[in-house]
Structure formats: C-alpha cells, structure tokens
Amino acid sequence: MLAVVSTLGAIDLNLPSDASALSAANITIMNDNPSTFFSLPSEGTTGYESAITYLYSDADLPLYSLFFGHPLMGGIAEVGSQVLAHPLYNESHILINYHMNWNVFNFGINERFLDASVKNGTHSSSFITDCGLGLKVSDFQTSMSIHNIFQADYQDIPLSQLYVTEMMYRPMESTSIALGCEKQQGYGASFQLSTKYKVSPAFQFIAGYQYNPDRFSGGLEFTVRHWQLCYALQTHPDLDLTHGISLMYK
C-alpha cells in the first residue's frame, strides 16, 4: 500500500476532486461545482463543497476535499484543499484560484502548495502553478489546462507537467456527453468518455469510461433546494472498487 501511495504522490496524478468527477471518469467539465477548478483552472463556480473518496475501497486511504468559491472583481475567487491520508504517508494540496469570463472565453490560474511526508522518513513541499483556457458556445463547451507550467521541484526532482483537455456537448437540456484526455510527461495518454442524464430536477445519473487504464464508473446525484449529494464508484484493473461521496451547498 505504501508503494501505491508514494507513487501517487511522486508523480502528482490528477486525483478525483469529488464524487461527481469520480463517477464521470474524472471528467469535471460537466460538473458545475466549486471543485472543478482543481483540474480545470478556468472553470468552477461559487458555493461550498466537501467530499471524501476511499481510494481502492481501502478505509485506511481516504481522500478528503473542501472547496469554496465566491464572486470577486468580475470573476470568481476560489480556495480549496485536498488531503490524502494514510498512517504511513500524508499528502496535502492547498489551492487558490481566480478565473473570469470574457465573451465566450474564460481563463483561470491556480497556485497550489503541495506538502507530503512519509512517517519516520522524508518531508517535502513545493509550490505549483496551473493555468487553463476555456470556450463556451451555445451547447458546446471545451476547456484545457497545463498543470505545473513552471516545472516545480519535488524532493529536488522536477515534477512533470500534466495536460488536461475536456469537451462537452448538450444535445438536449437533460443530457450531457463529454470527452477528455490527460497526458503526463513520461506516461501514455489517458482517454475518458462520460455522460450525465437528468431524470428529474432532483435526480441525475452519471456514467463514465476511462481508457489506459481501463475503468468503468457511475454515480447518482440528488439535489434538494441548495444542497446536492453525489455518490459514485469506479472500477480498478487490479484492486477493489473506489467509492466517493460529496456534499455541496450553492
């Protein structure tokens, strides 16, 4: 388990920010959630959001998240934190973001503090900058981002850059279809496909598929007034199911 967790931290994978992203194969563009800026700095919205994800269904490896967004100077300022907790390893991200719209375009930038430590071992930290651009025209929306644009060091080793591209189309008001691609230096590209269907104003169904590695995911979202609750799960090629639950207030 320690080897798995250390690998997650060392290569700075784009871990799911909430249950909505987990259920959609980590495509976040479909989710009008405060945590969206974690993957796509040009996206996000106002409100509060908290989430917990049990990676590989191991209760000793929970991923905690908390995000908040508020209007500021014509855009949206957001802060967030994400903690990967394990008795032998701990990894924390603290983020601040600002993004705004200009006609059909949107732009955003993250400043992220990464801190990680191994019990009775090493402790490292790093400041990482992410940026992104987006475009929204009618029922079509796309967004792209570069994580770690200045190639910050982690344990005196340069962290690789992560490229994320997502696009979404709404053929009808109740249905969204999205495609995504993630590419990290030194690793093959990962492709995602997901869909969201609104059964009623209070209930949505989400499904996704990821290639490289092959994973299937699904989730249910419930909305009551300003509150939204999402439960999700995702398969893994070798390990047990990954579970996640998110609660958001807008």
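We use all heavy atoms of the structure for the numbers below, so side chains are in, but hydrogens, waters and symmetry mates are not. Predicted model, so just to flag it, every value in this text is computed and none were measured.
Taking the six-membered ring where the residue is Trp, Tyr249 and Tyr48 present tilted rings, their angle falling between 30° and 60°.
The hydrophobic cluster containing Val199 also includes Tyr197, Phe203, Phe205, Leu220, Phe222, under a criterion of side-chain heavy atoms closer than 4.5 Å among ILVMFWY residues, counted directly or through chains of members.
The ring-ring contact (aromatic ring centres under 6.0 Å, His included) check on Tyr64 picks up nothing, with sequence neighbours excluded. In terms of the salt bridge (charged side-chain N to carboxylate O under 4.0 Å, His left out) criterion, residue partners of Asp32 (sequence neighbours excluded) are, by chain and number, Lys250. For Thr235, there are no side chain to side chain donor-acceptor pair (under 3.5 Å) partners at least two apart in sequence or on another chain. Taking the salt bridge (charged side-chain N to carboxylate O under 4.0 Å, His left out) definition, one finds that Glu221 meets it with Lys196, sequence neighbours left out.
Scanning both residues, Ile177 and Thr195, for their nearest heavy atoms gives CG1-OG1, 4.2 Å. In plain terms, the two heavy atoms of Thr45 and Asn33 that are nearest each other are CG2-C, 3.5 Å.
In the hydrophobic clustering of ILVMFWY residues, with side-chain heavy atoms under 4.5 Å counting as a link, Phe216 and Phe191 come out together. Linking ILVMFWY side-chain heavy atoms closer than 4.5 Å, directly or via other members, places Leu66 and Phe68 in two distinct hydrophobic clusters.
Considering only heavy atoms from C-beta on, Arg215 comes within 4.5 Å of Pro213 through its side chain.
Applying the ring pair (Phe, Tyr, Trp, His ring centres under 6.0 Å) rule to pairs touching residues 94-126 yields Phe113-Phe127, sequence neighbours excluded.
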